[in-house]
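For reference, the structure discussed in these notes is given below.
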Amino acid sequence: MITEFSLRNLPDSDQRLDAVFQAFNDLLFVMNADGMILDYKAGNTTHLYVPPEKFLGRRMQDVLPPAVGRRIADVLSKLRAGSKVSFVEYYLPTPAGKCWYEARLVSVNNDQSIMFVRDITRYKRSEEKIKHQLNKLAALRSIDLAITSGLDLGATLAVILDHVREQLQIDAACILLFDPHTEYLEFAAGSGFNTPALQYTRLRIGEEYAGKSVSERKVFYIPNLRTRKTSFLRSPMLAEEDFRAYYAVPLFAKGQPVGVLEIFHRALLESDVDWLNFMNMLAGQAAIAIDSAMLFKNLQSANFELTMAYDKTIEGWSRAINLRDKETEEHSRRVTELTYQLAGRMGFSQPELGHICRGAVLHDIGKVAIPDNILLKPGPLNEEEWVVMRRHPLIAVELLSPIEHLVPALAIPRSHHEKWDGSGYPDHLAGEDIPLAARLFSLVDVYDALTSERPYRSAWSQTDTMKYISDQSGIHFDPAITPVFLSMFG
Ligand code: C2E
Ligand code: SIN
Ligand code: SIN
Ligand code: FE
Ligand code: FE
C-alpha cells in the first residue's frame with residue numbers, strides 16, 4: 001500500500017518548511033518593512049553569495065551588491081505602498097561563478113515581508129545559449145544576404161570577417177583566396193590588424209600553416225605562436241601584431257579549394273565545441289561566398305562573350321543594310337566613330353557609350369523593310385514614298401526590341417529623325433523630349449549623309465555641310481550640342 005506523502009504528516013510547520021527548502025534549494029528570508037532580515041530558511045547553501053547567517057540583523061539592500069540592493073529597495077517600497085507580491089531578477093557572483101536568482105517578495109502584514117529566492121542559473125544559461133544561437137543565425141543570415149545580394153566579393157568577405165571577429169570574439173582575421181590559375185593563396189580581405197603585415201601574403205599550397213591546411217584539408221591550430229620560432233616567416237611585421245592563438249581553416253567549395261580563413265587572437269583562446277562548430281560554419285559561408293562570387297565573375301565574362309556575339313551579329317546586319325543602300329562599311333564605321341567621340345565629349349559613361357554605339361550602328365536597320373524602288377530611287381520621293389520611308393525608325397524598334405540586350409540602345413534607331421523644333425518623325429518630339437543620345441546622333445547622321453553620295457544627289461562639300469549644320473542649330477539640332485559637334489572639326 002502506497003502512503004501518499006503529505007506535508008501534513010510532518011509534526012510541525014517548521015519541519016514542513018525545512019523539507020520544502022531541502023527539496024527545492026530555495027531560500028527564504030523574513031524581513032521587516034525596511035528590509036532588515038529577521039529570519040531565514042535555506043536548503044542547499046553551497047552556491048550562496050554570502051552565508052545566510054551573515055544576513056541576520058542586516059538590511060537586504062546592504063548585504064547585496066549596490067545595484068541589486070537598489071532594486072530590492074524599490075520592491076520593498078512597492079510593498080510598503082500596498083502591493084502584495086513583487087518579483088525581481090538579478091545575478092550575483094558566487095563562489096561557483098555567476099548565478100542568477102529570481103526573488104519573489106510577499107507582504108505578510110504591514111511590517112513584515114517574506115522574500116523567496118530561487119536559483120534560476122540553469123534556466124538563464126539555456127536562455128543565454130538560445131540568444132547566442134539566435135545571434136549566430138542572424139550573423140549567418142546577414143552573410144547569406146551579402147552573398148545573394150551580389151555585393152562584390154571584397155564587400156562580402158568584409159561582412160564575413162566582421163561576423164567572424166564579433167561572434168568568435170577574436171582580435172583579427174583574414175581570408176586568403178586560392179587562384180586556380182597561379183595556384184597561389186593570396187590575401188583578399190582582413191580585419192583587426194594593426195599593421196599591413198599580412199597584406200602581401202602569397203603562399204603556395206603546402207607552405208606555412210595556411211598552405212598546409214589546404215594540402216592536408218584540415219584545420220591547423222597553434223595555441224601560442226610566441227612559443228614557435230618559425231611562426232613569423234611570412235612577414236617580420238607580424239611580430240608587432242603580438243598574436244598568440246592562431247587558426248588556419250581551409251575553405252573548400254564543391255570539393256575544390258577556394259581559400260583559407262586565418263584567425264588571430266592576442267590572448268590564449270578558450271575554444272569549446274560550440275565555438276569550433278561556429279567557426280566551421282562561418283568558414284563554410286566564406287567558402288560559399290567565394291564560390292558564388294567566382295561563378296558570378298564567370299557569368300559576367302560569359303555575358304561579355306554574349307555581348308561580343310551580339311555585336312558581331314549587329315555588325316553583320318548593318319553591313320547588309322549598308323550594302324543595299326550602296327554605302328560602304330567605312331561610312332558605317334565613321335558614323336559610329338564620330339558618335340562615340342561626340343558622346344565621349346558630352347560625358348557619357350562607358351556602359352552608356354556602349355549602348356549609344358550599338359544604337360548608331362543599327363540606326364537605319366529599319367531600312368531593310370523599305371522597297372528598293374523607294375530606297376534606291378535616283379530622284380526626290382513623292383508623298384506616298386515618304387510615308388513608307390518615314391516608317392524606318394519604328395520598323396527598327398520592332399526588329400530590335402525583342403533582343404533584351406539591345407533595348408537600352410533603341411533611343412537612336414527610334415528617334416534619330418526627330419528635330420529640335422518638333423517637325424521630325426516618328427513621334428514629333430521637340431527639344432529635350434528627344435532622347436539626348438538621338439539628339440547628338442542626328443548631327444552625325446546628317447553630316448555623314450550630306451558628305452556622302454546618295455542615289456538622288458551627289459556628296460556635299462565639307463564647307464557647305466558645316467554651314468548647313470550651323471544654320472540648323474535650334475531648328476533641326478539641339479543648340480547646346482551643335483557647337484560641341486562643330487568643334488570636333490577644329
Ligand atoms: P539619309 O540619306 O541617310 O539621310 C539622313 C538625313 O540626312 C535625312 O533625313 C536628312 O535629315 C539629311 N539629309 C540627307 N540628304 C539631304 C539633303 O540632300 N538635303 C538636306 N537638307 N538634308 C539631307 P530624312 O530627310 O528624314 O531622310 C531619311 C532617309 O530618307 C534618308 O536617309 C534617305 O535614305 C531617304 N531620302 C531622303 N530624301 C530622299 C530623296 O530625295 N530621294 C531618295 N531616294 N531617298 C531620300
Ligand atoms: C604560419 O602560418 O606559419 C603561422 C601564422 C603566420 O605566420 O601567419
Ligand atoms: C551611314 O549610315 O553610313 C550614314 C548615313 C545614314 O546615317 O543614313
Ligand atoms: Fe534614318
Ligand atoms: Fe541615316
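Excluded from the calculations below are hydrogen atoms, water molecules and symmetry mates; all remaining heavy atoms, backbone and side chain alike, are included. Order of listing sets the numbers, starting from 1, for every ligand and every atom in it.
- For ligand 1, the atoms sitting less than 4.0 Å from at least one non-hydrogen atom of Leu450 are 15 (N), 16 (C), 17 (C), 19 (N), 20 (C), 22 (N), 23 (C), numbered in the order shown with element in parentheses.
- When Val446, Thr465, Thr451 are ranked by how near their heavy atoms come to atom 12 (C) of ligand 1, first place goes to Val446.
- Contacts with ligand 1 closer than 4.0 Å are made by side-chain heavy atoms of His476 only, the backbone lying farther away.
- In this structure, Tyr246 and Phe264 have tilted ring planes: the angle between them lies in the 30° to 60° band.
- The backbone N or O of Glu418 sits nowhere less than 3.5 Å from a side-chain atom of Ser415 that would complete a donor-acceptor pair.
- Between Lys467 and Asp471, at least one side-chain N (NZ, or NE/NH1/NH2) sits under 4.0 Å from a carboxylate O, which counts as a salt bridge.
- Distances from the Fe ion (ligand 4) show that His416 has an N/O/S atom below 2.8 Å.
- Salt-bridge annotation for Asp171 and Arg165: absent, with no side-chain N of the basic residue lying under 4.0 Å from a carboxylate O of the acidic one.
- Using bins of under 30°, 30° to 60° and over 60° for the plane-to-plane angle, the ring pair Tyr468/Trp460 lands in the perpendicular bin.
- As for His417, its N/O/S atom nearest the Fe ion (ligand 4) is the one called NE2.
- Around atom 39 (C) of ligand 1, the closest heavy atom drawn from Trp460, Tyr468, Tyr425, Tyr456 belongs to Tyr456.
- Scanning Met389, Lys419, His416 for the heavy atom closest to atom 29 (C) of ligand 1 points to Met389.
- Ring geometry for Phe220 versus Tyr209: interplanar angle of 30 to 60°, hence tilted.
- The existence of a salt bridge linking Glu352 and Arg358 is excluded, since no basic side-chain nitrogen approaches an acidic carboxylate oxygen closer than 4.0 Å.
- Using cut-offs of 30° and 60° on the angle between ring planes, the pair Tyr447 and Phe485 is perpendicular.
- In Tyr447, neither the side chain nor the backbone holds a heavy atom less than 4.0 Å from any atom of ligand 1.
- Using a 4.0 Å cut-off to heavy atoms of Asp445, the atoms of ligand 1 that qualify are 5 (C).
- Outside the 6.0 Å centre-distance limit, the rings of Phe477 and Trp420 are not counted as a close aromatic pair.
- Ligand 1 is never approached by Ile370 to a heavy-atom distance shorter than 4.0 Å.
- One finds no salt bridge joining Glu102 and Arg118 here, because no Lys/Arg side-chain nitrogen approaches an Asp/Glu carboxylate oxygen to under 4.0 Å.
- Here Asp445 does not reach the Fe ion (ligand 4): none of its N/O/S atoms is less than 2.8 Å from the metal.
- Residue contacts with ligand 1: Trp386 is placed with no nitrogen or oxygen under 3.5 Å of a nitrogen or oxygen of the ligand (distance criterion only).
- Residue Arg457 has at least one heavy-atom neighbour below 4.0 Å for each of these atoms of ligand 1: 14 (C), 15 (N), 16 (C), 17 (C), 18 (O).
- If you look at Asp364 and ask which of its N, O or S atoms sits nearest the Fe ion (ligand 4), the answer is OD1.
- The aromatic rings of Tyr425 and His392 lie perpendicular to each other, with more than 60° between the two planes, well past the 30° mark.
- Contacts of His417 with ligand 1, taken as heavy-atom pairs under 4.0 Å, involve the side chain alone.
- Note on ligand 1: Gly379 sits in its first shell, one or more heavy atoms being nearer than 4.0 Å.
- Annotation: Arg454 places an N or O atom under 3.5 Å from an N or O atom of ligand 1; distance criterion only.
- With a 4.0 Å cut-off on non-hydrogen atoms, Ile374 touches ligand 1 through its backbone and not its side chain.
- At least one heavy atom of Lys367 sits under 4.0 Å from some atom of ligand 1.
- Of all heavy-atom pairs spanning Glu186 and Thr182, the tightest one is OE2-OG1, 4.3 Å.
- A heavy-atom separation below 4.0 Å is not found between Glu385 and ligand 1.
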